[in-house]
Amino acid sequence: MNRLFDVAPWRLTTHHLDQADMRLAESLTAIGNGYMGMRGNFEEGYSGDSLSGTYLAGVWFPDKTRVGWWKNGYPEYFGKAINAPRFADLRVTVNGAQVDLAKMPYRDLTLDLDLHQGLLTRQFTIDVANATVRLTFRRFVSIVTRQAAYLDLKVECLAGDAEVSVEAGLDGNVTNEDSNYEERFWQPLGEDAAAGSIQLETRPNPFGVPQFSVLYRQAVTVNGEPSRGARTTTSGTLSEPVALTLAAGEAASVGKTVVVVTSRDVPTVQQAEAAAVLSQTVQAATFDEALAAHTAKWAERWASSDVQIDGDDAAQQGIRFSIAQLFMTYYGEDTRLNVGPKGFTGEKYGGATYWDTEAYVVPMYLAVTPPNVTRALLQYRHDQLPGAYHNAQQQGLKGALFPMVTFNGIECHNEWEITFEELHRNAAVAFAIYQYTAYTDDESYVDHDGIEVLVGISRFWADRVHFSKRHGQYMIHGVTGPNEYENNVNNNWYTNRMAAWCLEYTLARLPKADESVVKALDVTEEERAHWQDIQDRMYYPEDKKLGIFVQHDTFLDKDLRPASSIPAAERPINQHWSWDKILRSPFIKQADVLQGLYFLNDRFTREQKEANFDFYEPLTVHESSLSASIHAILAAELGKADKAVELYARTARLDLDNYNHDTEDGLHITAMSGGWLAIVQGFAGMRYTGNHLSFTPFLPKNWQGYRFALTYRGRRLAVAVDAAGTTVTLLSGAPLDVTVSGTVRHLVEEVRHA
């Protein structure tokens, strides 16, 4: 396997970079802090093939939905994450030659992303007009001051004499490549050369969605002292030149701090003042001082989340890369935000919220982040409940339909078969409430805001089902299940099963919920009886001879053959086959029936899980980033260790090894919890059912051991698995009974002596 970056436990490092690999490298070296982020674009610019991308959390644009044939119920607009003005520019000229690695020879390259602190470093040497110069760029976006980015350039003259010009700039003249194809979404509001700032605003839209404004302010230093360069501006841009004269053996540094203020937090007319105050605070620390504070805060995050693997550096790198990128995308600071599928790494998927968060990110974040982080994700959905009611009404339905894609709660995706057929996302929202409540034992959310969400979802399902008089059962027709390689199917087993579960869970929680909230919801006895009837008489396709739950009514009528029969040259099929051919094929994009066995794991026998796994996994092409982790967890539970380890690698190294040949567009952020889930829920067999925590661990044969920590109901636990067995230690909190491989262990907090 040709890997772009070397395998190392804490770093992504390469010393070779072909022009054909630039987009992939830019994706893999993207950094962010939950507020803003950027791809690994070169500060000095790059004229070769590249995807320039800087992104601001929650800043987007509503573009008119474009379809060939308008259908009633289509969203009015298609929401898109837009490329933000660039702020990392440090253009370099040496002895009159513009530094551009696409055009000039270079050597001794090092490109390095330090996962422990989110620090991106790049170093290379060039020979220009009898001078040899080494350039070292460093940058990070702070998790201490989230509106701040820090850049540092060291210029070393190794031989000859070098006249070096560094142009520190801000550039609002940006376009999007994937969304609207080269259109510009930003219009300048003004430039202030004296302050070193530019201010821009998204262009007007006809949909009543607020325009966003942003103000960037930069400060430049030379060898630690404020720059004396004369700033110049053009419409939407600012530039500040620095001139350096270096003889052999001499070096100089150029520093740049940028503060970013948006109208999401500060009104447009107040942004200049707010940026001035922030800039003064940011400039009080040197690059290295700010980096030290940033690193210390990262160390706190890693202390609660790190997974240590002995004996397999590729597996170790994969899990740490995933955790780092997730935390660079979202850490719960803003309840208006969610975990975008691409985070700050690309434009694909519109950058908005998908069901991935509830299904995949929530179970990990419950264990490795403070409780308020996951609580913020639940609050995000409650706050957008009015939009969910609107979405259902657009389809002539009661209740709440949470969107497939959104920035504000209103559905803004323009593919019908996804937007209004992939209804199972409603169940994921409800299941996240269940998981939060069961894992934390905190019922304050479900009994107040949560019950409002659950009732809205249940009312939707109750209206969306229909009763088949012929069968005497309730059915759901015209849906797309998790397997998006089938559209408009009838009675997708997973959708039907989870819809019934939602009704069951809502009925169970209503008697316990806050009386005033329940009274306002006005759930009548007749309504409850109807929900119970749906739950009792829901239709589930099943084949008793095969011993499987059938993915949908006509799935077994397909030309069933394993995915291994697909020629390698035609994989992934979504890049080689027509959509018609994919829809007619038996091949499954991701866990569908198996997703239900994962969610409702304790309700099925081992025999049922094994029969379904053995039937469906060979049909699965794993071309969704969300696929491998669920299969890995079930494979581990069923004792299929080799398959579990294979699929762990596929989920943890999905982007690092570019399994699906699409990482150049950006990383698969919401799938990055999959590596953690595969280890903790898969290899370690963690389950929390019936108010009890249990583990059934195994050790992959090429690993010497693995360790992780987690928080469970206010307690801190450490779990270690190696050839000698499994150790579970209570680091802090009240005593706890934990079952390990069938044996109950009573844990008491360790007493540590100074």
Side-chain angles (χ1 to χ4, degrees), residues 1-4 18-28 49 51 67-68 177-179 181 341-342 345-350 354 356 404 413-419 421-422 480-489 551-552 554-595 615-631 643 646-647 649-651 653-671 674:
M1 178 179 292
N2 293 322
R3 287 173 170 155
L4 185 58
D18 294 334
Q19 292 199 29
D21 294 326
M22 275 301 300
R23 290 187 179 226
L24 178 58
E26 290 169 345
S27 293
L28 293 172
D49 184 50
L51 176 58
V67 292
E177 179 177 291
D178 182 63
S179 301
Y181 308 101
K342 289 295 181 189
T345 73
E347 303 168 15
K348 290 282 187 180
Y349 302 132
Y354 282 55
D356 309 12
M404 190 66 186
H413 194 277
N414 66 352
E415 294 181 53
W416 182 272
E417 65 272 19
I418 303 299
T419 303
E421 288 187 352
E422 201 162 338
T480 297
N483 175 30
E484 294 174 339
Y485 286 176
E486 295 178 308
N487 302 148
N488 200 35
V489 302
Q551 192 158 285
H552 62 81
T554 61
F555 184 81
L556 295 182
D557 296 327
K558 292 194 171 195
D559 176 21
L560 300 176
R561 55 192 175 96
S564 59
S565 67
I566 305 171
E570 298 179 18
R571 301 282 295 268
I573 61 174
N574 62 20
Q575 296 176 22
H576 294 88
W577 289 8
S578 71
W579 193 243
D580 171 76
K581 186 174 181 179
I582 289 174
L583 292 176
R584 288 186 288 108
S585 82
F587 303 123
I588 302 171
K589 185 181 182 185
Q590 66 190 81
D592 195 301
V593 168
L594 299 185
Q595 185 78 36
F615 181 82
Y616 286 111
E617 197 283 329
L619 300 172
T620 305
V621 290
H622 300 295
E623 289 176 12
S624 165
S625 61
L626 303 173
S627 183
S629 59
I630 301 303
H631 288 83
K643 176 60 72 172
E646 170 199 331
L647 292 170
R650 189 177 181 103
T651 189
R653 296 193 61 87
L654 177 77
D655 288 317
L656 290 173
D657 294 338
N658 199 13
Y659 271 91
N660 287 338
H661 308 291
D662 60 359
T663 297
E664 63 272 12
D665 295 328
L667 304 178
H668 298 82
I669 296 296
T670 47

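Remember, it's a predicted structure, so these values are computed and weren't measured experimentally. Atom set for the values below is all heavy atoms of this structure, side chains included, hydrogens, waters and symmetry mates excluded.
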Nearest heavy atoms of [X] and [Y], plus distance in Å:
X	Y	value
S629	T651	CB-OG1, 3.9 Å
K558	R584	CD-O, 4.0 Å
V621	A563	CG1-CB, 3.9 Å
S625	L654	CB-CD2, 3.3 Å
F587	R561	CE2-O, 3.2 Å
W577	S585	CZ3-CB, 4.0 Å

[atom2] on [Y] to [atom1] on [X], rounded to 0.5 Å:
X	Y	atom1	atom2	result
I588	L594	CD1	CG	7.5 Å
I418	M404	CD1	CE	6.0 Å
L560	L619	CG	CG	6.0 Å
N660	N658	CG	CG	8.0 Å
L667	K348	CG	NZ	14.5 Å
E486	H552	CD	NE2	3.5 Å

Check whether any side-chain N or O of [X] sits under 3.5 Å from a backbone N or O of [Y] as a donor-acceptor pair, and report yes or no.
X	Y	result
N483	K589	yes
D655	H668	yes
S627	E623	no
S27	T663	yes
E422	T480	no
E484	Q590	no
H631	E617	no
K342	G666	yes

Over 60° means perpendicular and under 30° means parallel, so tell me whether H413 and Y354 are parallel, tilted or perpendicular.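 H413 and Y354: perpendicular rings.
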Could you check whether the rings of F555 and F615 sit parallel, tilted or perpendicular, using 30° and 60° as the cut-offs?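 Rings of F555 and F615: perpendicular, as their planes differ by over 60°.
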Would a 4.5 Å heavy-atom cut-off, applied to side chains only, mark [X] and [Y] as touching?
X	Y	answer
L51	E664	no
Q19	D49	no
L28	L656	yes
Y485	S624	no

Distance alone, cut at 3.5 Å: any donor-acceptor contact between the side chains of H661 and Q575? no
Salt bridge or not for K643 and E646, using N-O below 4.0 Å?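 Answer for the salt bridge query: yes.
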